[in-house]
Amino acid sequence: MRERAYALIKNRNKPRLELFAHRIIDWQQQHGRHGLPWQGADVYRVWLSEIMLQQTQVVTVIPYYLRFVARFPTIAALAADSEDAVLAHWSGLGYYWRARNLHRAAQLIMQRHGGKFPQHFEDILALPGIGRSTAAAISAFAFHERRAILDGNVKRLLARYHAIEGYTGEKKTEAQLWQQAEALLPKRDVAVYTQGLMDLGALVCTRSKPQCPICPLQADCAAYQNERVAQLPTPRPRKVLPERHSTFLLLLNGPDILLEKRPGSGIWGGLWCPPQVDPRLLSKVEDANAYCLQQFGTETIHTLALSTFTHTFTHFKLHITPLLLQVINKPKQIQEPGMVWLDVDDALQTAIPTPVRKLLQELLAGRRLV
DNA sequence: AACTCGGGGAC
DNA sequence: GTCCCAGAGTT
């Protein structure tokens, strides 16, 4: 507290905008995060970390990041490998278009930029999966360029610091926040400053129970002065989640299960899933046998409905009823190229979404593969 | 401007 | 259960 007061007096001749950055940089060097695996790494690793960290917290990302760089150590290695291999290493992290864009961008870098990650902001921004904020973060961290980021942490921090009202996802509010983010940029030490903003948002200016007493911005934080910290930023408008129902057809032939590749766009794009069917098409469980015979040419000798569970997405709830179908044949001729019979153990190593992974693991644990 | 993309941590 | 996280792309 006394140190901060002294800092304010000591820097009284500095312009106020510069003082903000100075406090962030000072705080980062003393209290920020320094041991993250991508900090100080090459631009490929900085890029990868920024993509993985979109809408995903640091603790969740770290194990995925380490496995990913071990498997794909360079842009060239990433570009040369298959999309399936990339998705398999993304399996469970969510927002799978991030992985497909990453893979596509790696190939574009090989073509357009001779395998060297572009250094110019406009070229970085032009890569798929990289928007304004991510391009700025890469530019700041890897190239020490003076660019403003605006991620969830910074939005919350600035909304409080300037007491900006309105949902931060709203265009008008976001425009104000971008303007502030640009205005507050320091002339130098942009990498440390950017990391400081993120860390202060993640560690001190948290969504709930922010640590205002130890915050370096407390002295002139508008929300703190007005006792509006708990009310800012304005929360996202509430809305009721629509609900959908789906039956997962778990076709089992000995140790093998039938999976099909989902289309590139939409939920779980590019991932492998058991065939799904609208439960309204099956008036009774046995209807699934006829359905599978017609669709896949399989003859079922035993059918068992497992208990329904719910998977919640950002915009809807999915009620999943798994239907276990023991089949006695595995048609040689696969109708679609996007279909495959896989040993359940192998299926767990491929690109599957989390609810499918949980189902397969329960299947193995329950020894229901007979 | 409004929607669509997962999954998990924190509460 | 709710809310949000190192957001971007599409319409």
Side-chain angles (χ1 to χ4, degrees), chain A residues 32-33 36 38-39 45-65 87 90-102 104-105 124-142 147-157 159 167-175 177-178 181 191 194-203 205-210 233-242 262-271 273 310-318 351-358:
Chain A
R33 295 179 286 200
L36 299 175
W38 46 81
Q39 283 178 336
R45 284 164 174 76
V46 169
W47 168 40
L48 172 63
S49 72
E50 289 302 329
I51 301 301
M52 284 190 165
L53 286 161
Q54 288 171 357
Q55 302 298 97
T56 312
Q57 294 182 348
V58 167
V59 288
T60 306
V61 161
I62 287 176
Y64 284 91
Y65 171 85
L87 280 171
W90 207 274
S91 173
L93 199 54
Y95 283 138
Y96 297 97
W97 51 260
R98 292 185 296 176
R100 297 203 307 278
N101 279 338
L102 186 79
R104 208 150 53 84
I124 298 174
L125 189 59
L127 293 170
I130 300 181
R132 181 176 174 183
S133 187
T134 298
I138 295 170
S139 296
F141 287 139
R147 299 284 178 178
I149 63 160
L150 189 65
D151 60 26
N153 284 319
V154 181
K155 280 182 175 178
R156 183 175 56 251
L157 191 150
Y167 170 50
T168 56
E170 216 168 294
K171 187 101 179 183
K172 182 179 145 196
T173 310
E174 198 172 62
L177 292 167
W178 268 118
T194 302
Q195 188 68 51
L197 275 183
M198 292 173 167
D199 288 359
L200 194 60
L203 303 175
C205 195
T206 48
R207 180 167 65 92
S208 59
K209 298 182 182 176
T234 306
R236 167 196 293 270
R238 284 262 316 158
K239 52 183 171 186
V240 183
L241 293 184
R262 294 183 57 84
S265 61
I267 293 280
W268 300 330
L271 270 65
C273 284
T310 304
H311 188 79
T312 306
F313 292 89
T314 313
H315 294 287
F316 66 95
K317 287 182 180 179
L318 183 62
I352 54 176
T354 290
V356 173
R357 180 172 301 280
K358 285 176 179 168

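Chain letters run A, B, ... following the sequence lines, proteins first, then strands; residues in each count from 1.
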J.: Nearest whole Å is fine: how far is dA6(C) C1' from Leu102(A) CG?
T.: 15 Å
J.: Between P on dG7(C) and NZ on Lys155(A), what's the gap in Å once rounded to a whole number?
T.: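 Taking atom P of dG7(C) as the reference, NZ of Lys155(A) is at 8 Å.
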J.: Does the side chain of Asn101(A) come under 3.5 Å of the side chain of Arg104(A) through a donor N or O and an acceptor N or O?
T.: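 Checked: Asn101(A)/Arg104(A) side chains pair up, N/O donor to acceptor below 3.5 Å.
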J.: Given atom CG of Leu93(A) and atom C1' of dA6(C), what is their separation to the nearest angstrom?
T.: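 After rounding, the gap between these two atoms is 13 Å.
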J.: By nearest heavy atom, map Arg33(A) and Lys317(A) onto DNA chain C; which one lands nearer the 5' end?
T.: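 Going by which nucleotide is closer to the 5' end, it is Lys317(A).
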J.: Roughly how many Å apart are dG8(B) and dG9(C), using the P atom of each and rounding to a whole number?
T.: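 Nearest-Å result for dG9(C) against dG8(B) at atom P: 24 Å.
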J.: Between which nucleotides of DNA chain B, 5' to 3', does chain A make heavy-atom contacts below 4.0 Å?
T.: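 The contacted stretch runs from dA1(B) to dC11(B).
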J.: Under 3.5 Å between N/O atoms: give me all the protein pairs with nucleotides 9-11 of chain C, atom names plus distance.
T.:
from   : atom 1 : to        : atom 2 : distance (Å)
dG9(C) : OP1    : Gly129(A) : N      : 2.5

J.: Does Phe313(A) reach the side chain of Pro242(A), with side-chain heavy atoms less than 4.5 Å apart?
T.: no
J.: What is the nucleic acid contact for Ile267(A), judged by heavy atoms within less than 4.0 Å: base, sugar-phosphate only, or nothing?
T.: sugar-phosphate
J.: Nearest heavy-atom pair of Ala140(A) and Thr194(A): which atoms, and what distance?
T.: CB-OG1, 3.8 Å
J.: What is the distance, rounded to the nearest whole Å, between atom CG of Leu150(A) and atom C1' of dG7(C)?
T.: 10 Å
J.: Please classify the nucleic acid contact of Ser133(A) as base, sugar-phosphate, or nothing, using heavy-atom distances under 4.0 Å.
T.: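 The residue Ser133(A) makes sugar-phosphate contact but no base contact.
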J.: Between dT11(C) and dG6(B), how far apart are the two P atoms, rounded to whole Å?
T.: 16 Å
J.: Can you check the Lys239(A) NZ to dT2(C) P distance for me, whole Å?
T.: 14 Å
J.: Looking at side-chain heavy atoms only, is the closest gap between Tyr167(A) and Thr173(A) below 4.5 Å?
T.: no
J.: In whole Å, what is the span from the NZ atom of Lys171(A) to the C1' atom of dG7(C)?
T.: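 It works out to 14 Å between those atoms.
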J.: Categorize Gly266(A) for me: base, sugar-phosphate, or nothing, with a 4.0 angstrom heavy-atom threshold over every strand shown.
T.: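 Sugar-phosphate: the residue Gly266(A), judged by heavy atoms under 4.0 Å, touches backbone atoms but no base.
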J.: Both Phe316(A) and Val59(A) contact DNA chain B. Which one's nearest nucleotide lies toward the 5' end?
T.: Phe316(A)
J.: When rounded to the nearest Å, what value does the distance between P atoms of dC5(B) and dA6(C) take?
T.: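 The answer is 23 Å between these two P atoms.
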J.: Once you measure the plane-to-plane angle for Trp97(A) and Tyr95(A), does it fall in the parallel (<30°), tilted (30-60°) or perpendicular (>60°) bin?
T.: tilted
J.: Do Leu271(A) and Leu87(A) have side chains that get closer than 4.5 Å, going by heavy atoms?
T.: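 A side-chain contact under 4.5 Å exists here.
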J.: Grab the two heavy atoms, one from Arg33(A) and one from Val58(A), that are nearest each other, plus how far apart they are.
T.: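 The answer is NH1-CG2, 3.6 Å.
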J.: Examine dC3(C): is either OP1 or OP2 under 4.0 Å from a nitrogen or oxygen in the side chain of Arg238(A)? Give yes or no.
T.: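 Yes, because at least one side-chain N or O of Arg238(A) sits under 4.0 Å from OP1 or OP2 of dC3(C).
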J.: So what does Pro355(A) touch, heavy atoms closer than 4.0 Å: a base, only the sugar-phosphate, or nothing?
T.: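 Result for Pro355(A) = sugar-phosphate.
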J.: Which pair of heavy atoms, one from Trp38(A) and one from Val46(A), lies closest together, and at what distance?
T.: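 For Trp38(A) versus Val46(A), the nearest heavy atoms are O-CG2, 4.0 Å.
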J.: Identify the heavy atoms of Trp47(A) and Ala105(A) that sit nearest to each other, and give their distance.
T.: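 Where Trp47(A) meets Ala105(A) most closely, the heavy atoms are CZ2-CB, 3.6 Å.
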J.: Which heavy atom in Gln195(A) sits nearest to a heavy atom in Gln39(A), and how many Å separate them?
T.: CD-NE2, 3.2 Å
J.: Can you say whether a donor on the side chain of Arg207(A) sits under 3.5 Å from an acceptor on the base of dC4(C), or the other way round?
T.: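 Donor-acceptor pair under 3.5 Å: no.
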J.: Looking at Gln54(A), does any N or O in its side chain come under 4.0 Å of the phosphate oxygens OP1/OP2 on dA6(C)?
T.: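 The answer is no; no side-chain N or O of Gln54(A) sits under 4.0 Å from OP1 or OP2.
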J.: Regarding Thr354(A), tell me which of base, sugar-phosphate or nothing describes its non-hydrogen contacts under 4.0 Å with the strands shown.
T.: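 Since only primed, P, OP1 and OP2 atoms lie under 4.0 Å of Thr354(A), the category is sugar-phosphate.
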J.: How is Glu174(A) classified with respect to the nucleic acid when contacts are heavy atoms under 4.0 Å: base, sugar-phosphate, or nothing?
T.: nothing
J.: What is the distance, rounded to the nearest whole Å, between atom OH of Tyr95(A) and atom P of dC5(C)?
T.: 11 Å
J.: Could you check how far CZ of Arg236(A) sits from P of dT2(C), rounded to whole Å?
T.: 14 Å
J.: Which pair of non-hydrogen atoms, one from Pro233(A) and one from Arg156(A), has the smallest distance, and what is that distance?
T.: CD-CG, 3.4 Å
J.: Contact class for Leu36(A) vs. all strands (heavy atom < 4.0 Å): base, sugar-phosphate, or nothing?
T.: base
J.: By the 4.0 Å heavy-atom rule, please label Trp47(A) as base, sugar-phosphate, or nothing.
T.: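 No contact at all - Trp47(A) keeps every heavy atom at 4.0 Å or more from the nucleic acid.
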